[in-house]
Number of protein chains: 2
Amino acid sequence: MTQSIDYKQLLREAGLRVTPQRTTIVSLLSETDDHPNVEDLYEKARTLDDTVSVATVYRTMSVLENAGLVRKLVLEDAPARYEMMPQTDHDHLVDMDSGELVEIPGTEIASLLDRVAAEMGYELVSHHTVIRARKV
Amino acid sequence: MTQSIDYKQLLREAGLRVTPQRTTIVSLLSETDDHPNVEDLYEKARTLDDTVSVATVYRTMSVLENAGLVRKLVLEDAPARYEMMPQTDHDHLVDMDSGELVEIPGTEIASLLDRVAAEMGYELVSHHTVIRARKV
DNA sequence: CTTGATGCAAAGCCTTTGCATCCCA
DNA sequence: TGGGATGCAAAGGCTTTGCATCAAG
């Protein structure tokens, strides 16, 4: 059982069509610790399958996001980045000096926001928290 | 002493040049409860001063943001919105049904994020939290 | 086969910028 | 009067889309 098959199953189970392009993109995104943007993914995908187009990367990210397989990270003054939907809930911190994107582990933030939303009469659907910070 | 003068002083005290366009834009932004985007501001400004250009609105928002007078709100799939730098710290909630942007009062979120950053060895510079939610 | 997926290139949207002119300090 | 601010229009960066073709189911 190759890893490739796992990614195909992931797509299939989400009710999505399995194409070589989608399989390539999902495998790249699954196997990186980065939070790549579309250009990153496009360039890496090209080295594995030179038929992939940027349009397909964009369309695939959109499809994957709607299917709940991928999370889109919207940052200021930079193209969106993506990560596979995290198993362990986390938020993000941008190191202002290096530009690095660091994951903030834990559900502490989520549960606070959940409570805050509830207190305002809302049910939280999702949240987006980005901290900009510098190393001490 | 008119309000107009207050806005001019606000600019002057920030070390910025006082121009009719900036004064108009600051007054509009100060007197609204909305969180207008550039287009909103441009259209409103036009009704008061038909010399204002979109480019100036963009440049003014950038200048005001750098001066710490204005906060930029970056949202998904929508142009950035702006608000005068809040006196009372707050975050934002997007009502997914109405599209309305609601302010979340209090510093509870900020202090949690502050602590979280510190625990990771960082000093928080700013944070950006947007909750997407539905009315219960 | 039929319908959705893809590649390509063009278009779209928001934002920035070059340049000549203007005007605040 | 000098340097920053403005208007205009063009360009830029990221993303979406129309259309013909392709291929998954």
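Quick note on labels: first sequence line is chain A, next is B, and so on, each numbered from 1.
An OP1 or OP2 oxygen of dA5(C) is reached within less than 4.0 angstrom by a side-chain nitrogen or oxygen of Arg22(A). Residue Thr19(A) places none of its side-chain N or O atoms closer than 4.0 Å to OP1 or OP2 of dG4(C).
Among residues two or more places apart in sequence or in another chain, the salt bridge (charged side-chain N to carboxylate O under 4.0 Å, His left out) test is passed with Asp95(B) by Lys135(B).
Look at CD1 on Ile25(B): it is 11 Å from C1' on dA5(D), rounded to the nearest Å. Atoms CD (Glu76(B)) and P (dC14(C)) sit 15 Å apart, rounded to a whole Å. To the nearest angstrom, C1' of dT16(D) lies 14 Å from CD of Glu65(A). At whole-Å resolution of the value, CG in Leu75(B) and P in dC14(C) are 13 Å apart. Distance, Arg81(A) CZ to dT15(D) C1': 18 Å, rounded to whole Å. The separation between Lys8(B) atom NZ and dC24(C) atom C1' is 12 Å, rounded to whole Å. If you take CZ of Arg17(B) and P of dC23(C), they are 12 Å apart, rounded to a whole angstrom. One atom, CD of Gln21(A), and another, C1' of dG4(C), lie 13 Å apart when rounded to the nearest Å.
Considering all non-hydrogen atoms of both residues, Thr32(A) and Asp34(A) come closest at OG1-N, 3.0 Å. Between Leu41(A) and Leu28(A), the closest heavy-atom pair is O-CD1, 4.0 Å.
Contact check of residues 91-100 of chain B against DNA chain D (heavy atom, cut-off under 4.0 Å) returns no residues at all.
Contacts classified as salt bridge (charged side-chain N to carboxylate O under 4.0 Å, His left out) and involving residues 100-112 of chain A (residues at least two apart or in different chains) are given here: Glu108(A)-Arg115(B). Counting only residues at least two apart or on different chains, the ring-ring contact (aromatic ring centres under 6.0 Å, His included) pairs with a member in residues 14-62 of chain B are His35(B)-His92(B). For residues 45-71 of chain B, the set of pairs meeting the salt bridge (charged side-chain N to carboxylate O under 4.0 Å, His left out) definition, not counting sequence neighbours, comprises Arg71(B)-Glu83(B).
Residue Val52(B) is in sugar-phosphate contact alone, with no base atom involved, counting any heavy-atom pair closer than 4.0 Å across all strands shown.
Mapping Asp49(B) and Glu39(A) onto DNA chain D via the closest heavy atom, the residue that lands nearer the 5' end is Asp49(B).
In this structure, His128(B) contributes its side chain and Val74(B) its backbone to a donor-acceptor pair below 3.5 Å.
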Whether each nucleotide of nucleotides 15-20 of chain C has a protein heavy atom under 4.0 Å at its base (B), only at its sugar-phosphate (S) or at neither (-) is summarised, 5' to 3', as BBBB--
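Under the 4.5 Å side-chain criterion, counting only non-hydrogen atoms from C-beta, Leu69(B) is in contact with Leu16(B).
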Assess the residue pair Thr60(A) and Arg22(A) against the criterion (side-chain hydrogen bond (donor to acceptor under 3.5 Å, both in side chains)); give the C-alpha distance rounded to whole Å, side-chain angles, the decisive distance to 0.1 Å, and a yes or no. CA-CA 7 Å; Thr60(A) 299; Arg22(A) 289 182 177 179; 4.5 Å; no
